[in-house]
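For reference, the structure discussed in these notes is given below.
Index from 1, following the sequence.
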Amino acid sequence: MDFIGAYSWINIRFLLEGLWLTILVAAISIVFSFVIGGIIGVIRYMKIPYLSKIVGVITDIVRNLPLLLIIFFTYFALPKMGLRLDIFWSVVAAMTVFESAMLSEIIRGGLKAVPKGQMEAARSTGLTYMQALMSIVMPQALKKMIPPIVSQFISLIKDTSLAVVIALPEVTHNAKIIYGQDTAFVIPMFVAMAALYFIVCYVLSIISKRLEIRLG
């Protein structure tokens, strides 16, 4: 098995270029989905008449669709509707939509896990509903949310590999090109991909544990 040839500097550099794109897609999607998912989660928690139900229906639809289908939709269907995105932003948009729906449920669940008495006690001190929510309830809920949120972010990083179907040059795509040159490169590339995904996801899990400890 030609491990040495598979791990030539040219191949490693090509693989790292793909890894950089993987991290970039994941990072942008995480930021957008955290903000949008947070807003949706709060809207559903607040049970705003009509709006919460509408948002809830949309969220349930998105959560029950395969991410791959959403990627196909953003890349192939949106241009037919007049919105053309390049490959990179098609993937970011698809992952943001999907992850926002998933995160909104985690955030809503975290908020609901805080005893109602906390909100009532905060309101009795003269705080408005939003002030009590953001300064009293949300910080407590955040501690409960960290493990499932990080777990979802790790899934997001691994799901970026689905972008290979529309030829985004992320790490899986680039590995596929490398082992397409020589069948002897297949296993070495699988090993390399596994190592790279593991390192990125493991670093994220370490950061989350430290954050969890810091928040007490």
Q: Indicate if Leu142 and Ile136 have the same hydrophobic cluster label, given that clusters are the connected sets of ILVMFWY residues with side-chain heavy-atom separations under 4.5 angstrom.
A: no
Q: Evaluate whether atom CZ of Arg63 has more than 12 neighbouring non-hydrogen atoms of other residues, nucleotides or ligands under 6.0 angstrom away.
A: yes
Q.
Counting only heavy atoms not in Phe14 (residues, nucleotides, ligands), do more than 12 fall under 6.0 Å from its CZ?
A. yes
Q.
Are the side chains of Val165 and Tyr75 in contact, using a 4.5 Å heavy-atom criterion?
A. no
Q) Quick one: does His173's side chain get under 4.5 Å of Ile177's, heavy atoms only? A) yes
Q: State yes or no: do Leu51 and Val57 share one hydrophobic cluster built from I, L, V, M, F, W and Y residues joined by side-chain heavy-atom distances below 4.5 Å, directly or via other members?
A: yes
Q.
Within the structure provided, determine whether Phe88 and Ile28 are in side-chain contact (heavy-atom separation under 4.5 Å).
A. yes
(Q) Can you confirm whether Ile36 sits close enough to Glu99 that some side-chain heavy atom of one is under 4.5 Å from a side-chain heavy atom of the other? (A) no
Q. Salt bridge between Arg108 and Glu105, side-chain N to carboxylate O under 4.0 Å?
A. yes
Q.
Check this for me: Tyr202, atom OH, are more than 12 non-hydrogen atoms of other residues, nucleotides or ligands nearer than 6.0 Å?
A. no
Q: Over all heavy atoms of both residues, which pair between Arg44 and Asp60 is shortest? Give the atoms and the distance, please.
A: NH1-OD1, 4.2 Å
Q: First locate atom CD1 of Ile71, then atom CG of Leu168, and finally report the distance between them rounded to the nearest 0.5 Å.
A: 9.0 Å
Q.
I'd like to check Leu15 versus Leu19 (side-chain heavy atoms, cut-off strictly below 4.5 Å). Are they in contact?
A. no
Q: Could you tell me the separation between the OG atom of Ser151 and the CG atom of Leu156, rounded to the nearest 0.5 Å?
A: 11.5 Å
Q) Would a distance-only check, ignoring hydrogens and angles, find a side-chain to backbone donor-acceptor pair under 3.5 Å from Thr22 to Val171? A) yes
(Q) Is a donor from one side chain sitting under 3.5 angstrom from an acceptor on the other, for Tyr197 and Thr172? (A) yes
Q. Rounded to the nearest 0.5 Å, how far apart are CG of Leu21 and CD of Glu17?
A. 10.0 Å
Q) Which pair of heavy atoms, one from Asp182 and one from Ala184, lies closest together, and at what distance? A) OD1-N, 2.9 Å
Q: Carefully, step by step, assess Leu133 and Met130 under the rule side chain to side chain contact (heavy atoms under 4.5 Å, CB included).
A: CA-CA 5 Å; Leu133 177 64; Met130 284 305 295; 4.1 Å; yes
(Q) If I take atom CG from residue Leu78 and atom CZ from residue Phe73, how far apart are they, to the nearest 0.5 angstrom? (A) 5.0 Å
Q: Kindly assign one of parallel, tilted or perpendicular to the pair Phe72 and Phe76, based on the angle between their ring planes and the thresholds 30° and 60°.
A: tilted
(Q) Quick check: closest heavy atoms across Ser100 and Phe32, and the distance to 0.1 Å? (A) OG-O, 4.3 Å
Q) Are any of the side-chain heavy atoms of Lys112 and Lys144 separated by less than 4.5 Å? A) no
Q. Hey, any chance Leu103 and Ile61 share a hydrophobic cluster, counting ILVMFWY side chains that come within less than 4.5 Å of each other, even indirectly?
A. yes
(Q) When you compare the side chain of Trp9 with that of Ile12, does any pair of heavy atoms fall below 4.5 Å? (A) yes
**Q.** Ile157 side, atom CD1; Cys201 side, atom SG - distance, nearest 0.5 Å
**A.** 4.5 Å
Q | Exceeds 12 heavy-atom contacts within 6.0 angstrom, atom CD1 of Ile206 | A | yes
Q) So which heavy atom on Ala121 is nearest to which on Ser124, and how close? A) O-OG, 2.5 Å
Q: Say whether Ile48 and Ile39 are linked into one hydrophobic cluster, either directly or through other cluster members, by side-chain heavy-atom distances under 4.5 angstrom.
A: yes
Q) Which atom pair, heavy atoms only, marks the closest approach of Ala175 to Met189? A) O-CG, 4.0 Å
Q | Gap between atom CE of Met193 and atom CD of Glu170 - 0.5 Å precision | A | 9.0 Å
Q. Counting only N and O atoms by type, is there a donor-acceptor contact under 3.5 Å from the side chain of Ser52 to the main-chain atoms of Pro49?
A. no
Q: Measure the shortest side-chain to side-chain distance between Met138 and Val42 over non-hydrogen atoms and say whether it is less than 4.5 angstrom.
A: yes
Q | Shortest non-hydrogen separation from Val150 to Ser208 and the atoms involved | A | CG2-CB, 3.0 Å
Q) Do you reckon Met81 sits in the same ILVMFWY cluster as Leu85, going by side-chain contacts under 4.5 Å, direct or chained? A) yes
Q.
Among Thr59, Ile58, Ile107, exactly one meets side-chain contact (heavy atoms from CB on, under 4.5 Å) together with Ile40. Which residue is that?
A. Thr59
Q: Step through the shown structure and confirm whether more than 12 heavy atoms of other residues, nucleotides or ligands are within 6.0 Å of CZ on Phe34.
A: no
